[in-house]
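Take a look at the structure below.
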There are 2 protein chains.
Amino acid sequence: MTNPGCLVTSDLSPPSPARAVEVDRTSPIPLYFQVASRLQELIEQGEIGVGSRIENEVDLAERLGVSRPTTRRAIQYLVERGMLVRKRGVGTQVVHPKVRRPVQLTSLYDDLSAAARYPRTEVLDLRVVPAPAEVAEALQVAPGTPVTWFERLRYANDEPLALMHNAIPTGLLTLDRTELAKHGLYELLRRAGIVPQVATQTIGARAATAAEARVLNEKRGASLLTMTRTAWDATGKALEYGSHLYRASRYSFELNLSAG
Amino acid sequence: MTNPGCLVTSDLSPPSPARAVEVDRTSPIPLYFQVASRLQELIEQGEIGVGSRIENEVDLAERLGVSRPTTRRAIQYLVERGMLVRKRGVGTQVVHPKVRRPVQLTSLYDDLSAAARYPRTEVLDLRVVPAPAEVAEALQVAPGTPVTWFERLRYANDEPLALMHNAIPTGLLTLDRTELAKHGLYELLRRAGIVPQVATQTIGARAATAAEARVLNEKRGASLLTMTRTAWDATGKALEYGSHLYRASRYSFELNLSAG
DNA sequence: ACCCCGGGTTTGTCATGACAAAGTATTGAC
DNA sequence: GTCAATACTTTGTCATGACAAACCCGGGGT
């Protein structure tokens, strides 16, 4: 049943070339990660066809010259990322590419800049104010504590798209208008070594007020998407509160959910 | 440094009672899961204070009478769920409760029943039709393939809340109106052993048409939240396509995102 | 023809032992 | 007193070995 030099035991895909599949024990990169990367590469390049079965753990481990736990961990890593599915007594299969688990916090960072929609940001306001009740609760500080508050208008393709209000704790990061106009907030945070780990968002909708409609170039009463978000780092420290308005005619949220 | 009978080595929280912390080796429940559940319980009950450090792996393993890999796996399980944070050379800490990774793939009905909002469902339509282009693409079948199509109106507290259109592949499950009126779609799927694993959703907003407004008891032009979703099982088979309308005045989406 | 049972395959769980790497605290020299 | 080197603690990685549980398939009995 073993098939030396070939990672797959499939009768669907043609036999893979007998490439060298080996690990580098002098590398500081963990063995399990080397194995996982190699497998992922093969899958993404389509060398292991969708639906075909991977070689079983024991044989794979022996052939690569690593222990079974290491192999297991590599496979587990890809299972958690949604690339593989395992069934006891059956084997490990490559799942359909549609079912890949996505990164979830990155999808909503600066979705525009990634989509080549020529984003532009106008900073309408930027100052330090005492936190209003809602902001204070979200950021877990006492009401009235100074926070950095700013308001931005984001364009895409030279059309207004979103009106964004944000608050961050003072001391976390000092922002200036030109930086804020040139980069997304999350990019600036990351650059300062601040890594948002978890966020809760609430997405709703309502009609635009006259003032909002004017700024966003919509008619009064037009549908707007509302989004409020609070982000925390790994230790639970609140990093950011945001209350945003999007033109429903030009924007929608796309989410990828996964169970488990 | 060890503190027998007490899971925490914290100088912040009062010493926990010396409760029996043991595992049941006769149980079919895996040991690592027993340990993880026990830890989770202690954390959720606040017996292990936020920010305090857990006893280290080696000692904990010895005291529970299990091996270190088993203990590690239990802790890892909670780390992946966002309850614990580990740092090499430091230890394992309990993170702020706000930073908990939630279950993400739930249905509206589940949400409502959990919130005790007295959900009720009216089945407006249920039949097998040839798949229109949009549905066919989402479910990955040829256009015109028969699919089960149904339309439901969901109430909460005796008020209309959402108008839901769904399509599922025929052969997956035979639905009947009374079952569909009594239970959520996802509950029926689960009961048939069908487990949605991944889903993509698009959330937007638009104004209600006259017909939609009438059904949902809104004024014409009122803001509605739109949500379209496709769900797949672990092997990448499409399970469900849904196109839903929610009254923005009564409903919003709450999401929990996490990086990693 | 159908059903049950057993053997083979494959993943799931667990123990033991060992060393490496990172972070913290202590100690020593200047 | 301050700074750097060292020791210690704690998690990270990896190997080996063993048994259990679930699944698939084919053979034999009814």
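Just the heavy atoms: all of them, side chains too, but no hydrogens, waters or symmetry mates, feed the values below.
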- Note on the structure: Considering only heavy side-chain atoms of N56(B), the closest of dT11(D), dT13(D), dT13(C) is dT11(D)
- Query: Closer than 4.0 Å, any side-chain N/O of T70(A) to the OP1 or OP2 of dA15(D)?
  - Reply: yes
- Note on the structure: Out of dC14(C), dG12(D), dC14(D), minimum distance to the side chain of R25(A) belongs to dC14(D)
- With nearest nucleotides of DNA chain D determined for V66(A) and V90(B) from heavy-atom distances, which residue corresponds to the more 5′ nucleotide? V90(B)
- Message: Rounded to whole Å, please give me the gap between CZ in R68(A) and C1' in dA18(D).
- Response: 10 Å
- E62(A) CD: over 12 foreign heavy atoms closer than 6.0 Å: no
- Query: L64(A) CG to dA15(D) C1': how many Å, rounded?
  - Reply: 15 Å
- Message: Side chain of Y32(B), heavy atoms from C-beta onward: which of dT11(D), dT16(D), dT13(C) has the nearest atom to it?
- Response: dT13(C)
- Item | Whole-Å distance separating the OH atom of Y77(B) from the P atom of dC14(C) | 14 Å
- Task: Using the closest heavy atom to pick a nucleotide of DNA chain D for each, name whichever of G89(A) or S67(A) lands nearer the 5' end.
- Result: S67(A)
- Note on the structure: Side-chain atoms of L31(A) come closest, of dC14(D), dA21(D), dG12(D), to dC14(D)
- Note on the structure: Of Q140(B), R229(B), E134(B), the one forming a side chain to side chain donor-acceptor pair (under 3.5 Å) with Y241(B) is E134(B)
- When all nucleic acid strands are considered with a 4.0 Å heavy-atom cut-off, which category describes P69(B): base, sugar-phosphate, or nothing? base
- Item | Sub-4.5 Å side-chain heavy-atom contact between T200(A) and W232(A) | yes
- Message: Without decimals, in angstroms, what is the distance between D24(B) CG and dT13(C) P?
- Response: 16 Å
- Query: Are R86(B) and E57(B) close enough for a salt bridge, meaning some N to O gap below 4.0 Å?
  - Reply: yes
- For Q76(A) and dT13(C), what is the distance between atoms CD and C1' respectively, to the nearest whole Å? 12 Å
- Protein-nucleotide distance (R72(B), atom CZ; dC19(C), atom C1'), rounded to Å: 14 Å
- Task: Please determine, for the side chain of R73(B), which listed nucleotide (dT10(C), dT13(C), dA15(D)) has the closest atom?
- Result: dT13(C)
